[in-house]
S.K.: 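Submitted below is the structure of interest, expressed as structure tokens.
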Amino acid sequence: MNILVINCGSSSLKFQLIESGSEEVLAKGLCERIGLEGARLVYQPKGGEKEITNAEMDDHKTAIELVLSSLVNPETGVIRDLGDVGAVGHRIVHGGEKFAGSVKITEEVIQAIEECNDLAPLHNPANLIGIRACREIMKDVPMVAVFDTAFHQTMPAKAYLYGLPYEYYTAYKVRRYGFHGTSHHYVSHKAAELLGRSYEETKTIVCHLGNGASICAVQNGVSVDTSMGLTPLEGLIMGTRSGSMDPAIIEFICKKENLSVDEVMNILNKKSGVQGISGIGSDFRDIIEEMNKGNDMAKLTMEVYCYNVAKYIGAYTAAMNGVDVIAFTAGVGENNPLIRKKVCEYFGYLGIEIDDLQNEKRGEDLVISAPQSKVKVMVIATDEELKIARETLANI
Ligand code: AMP
């Protein structure tokens, strides 16, 4: 069956068409600047060239119509007609406490997702627009919602409660939810496979280090703690997000710079992290280029970033009373051997040793720790779309 995986943002829509039997990606692409000037569709069929079409897209419905017409285009399309799309899987950012797994989309499910909107006001409304647009166009095609938060619903109260008045939890559901669940689930499962051990008997720490970044402790197949919180701002230092810090800093900066809370929140989300510290940018390729030229701020940023990742790994090793595998994934985790090496240098006491030759390899899932290393360290390419397609197939 062909499964269309949709990831809708407020002005963008990413898609992949995946054949569920072979798990091959038949086509993929994205619509950018939906509802804005200069909108465009990028479409790439399997084994083919990228096509870029500039086209006005007033809304997400127009965007989806354009995607579907590309998929059936007689020249570069990959299916004959829309009847060849068997199901649609939607990535949904926040499922609150309502969703501990993927679900088939019904009117009640849409309503329940809507009730989670205030937990993710930037993301969930956009995800819902995508669902509604698809339902309008592909009326009878079954659709499944796959949540970024669902995998972490197994966390115990000791991991998800904040040190706040308890009524903020009961009244407003203020607690740790965690994100990147699809990736943490996929990668931790793959790690156990690569290790040749049962998923249900393995302790894994997944370091999803992308532009957004989070760490997850997966014990015996379930998430027991993760670094992102009520929102994706908490935890690691990220490309442009601050990660965890003293909450009193917000008031302090508001007063010093005469800014509103909203303005400071914008700085914490978009102008902090790697970009904020380095003053160079949020992309580690630029940081490494500057480090090689001797730029001290680039070096300092690298130190702070790796130390931060190492602290979480240490904390989650304690949380699980041990660790069998540390798995690096996402843009930085998959492509940056220096960060992996520097992070692992903190764990001599765990008997971790990195095999430098393995660590420099690219393009495959591999073990980068030396054979004698007590804890295995791996690089595993995440594939959130494939995981969404699998979840969709399992829930229609
Ligand atoms: P993601 O959000 O998973 O797509 O990750 C994006 C980030 O990955 C970029 O901002 C870069 O910092 C990092 N990245 C991607 N490719 C490379 C690379 N070849 N070397 C170092 N960092 C990379």
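Quick caveat: nothing in here was measured; it's all calculated off a predicted structure. Counting convention: from 1, in listed order, for ligands and their atoms alike.
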S.K.: Please list, one pair per line, the donor and acceptor atoms closer than 3.5 Å that link side chains of residues 29-40 to other protein atoms, with sequence neighbours excluded.
M.R.:
| residue | atom | partner | partner atom | Å |
| --- | --- | --- | --- | --- |
| E32 | OE1 | R40 | NE | 2.6 |
| E32 | OE1 | R40 | NH2 | 3.3 |
| R33 | NE | E37 | O | 2.6 |
| R33 | NH2 | E37 | O | 2.9 |

S.K.: I'd like to know if the side chain of Q153 reaches the main chain of G96, judged simply by a donor and an acceptor atom lying under 3.5 Å from each other, with no hydrogens or angles considered.
M.R.: yes
S.K.: What I want to find out is whether E385 reaches K14 closely enough, with some N-O distance under 4.0 Å, to be called a salt bridge.
M.R.: no
S.K.: Every pair of nitrogen or oxygen atoms between ligand 1 and the protein that is under 3.5 angstrom apart - can you list them with their distances to 0.1 Å?
M.R.:
| residue | atom | partner | partner atom | Å |
| --- | --- | --- | --- | --- |
| ligand 1 | 2 (O) | N211 | N | 2.8 |
| ligand 1 | 3 (O) | G331 | N | 2.9 |
| ligand 1 | 5 (O) | N211 | N | 3.4 |
| ligand 1 | 8 (O) | V332 | N | 3.3 |
| ligand 1 | 12 (O) | D283 | OD1 | 3.4 |
| ligand 1 | 12 (O) | F284 | N | 2.8 |
| ligand 1 | 16 (N) | R285 | NH1 | 3.4 |
| ligand 1 | 16 (N) | N335 | ND2 | 3.4 |

S.K.: Looking at L26, is its backbone amide N or carbonyl O close enough to the side chain of E24 to form a donor-acceptor pair, meaning the two atoms are under 3.5 Å apart?
M.R.: no
S.K.: How far apart are the closest heavy atoms of T240 and N269, and which atoms are they?
M.R.: OG1-O, 2.8 Å
S.K.: K190 side chain to A381 main-chain N or O, any donor-acceptor pair under 3.5 Å?
M.R.: no
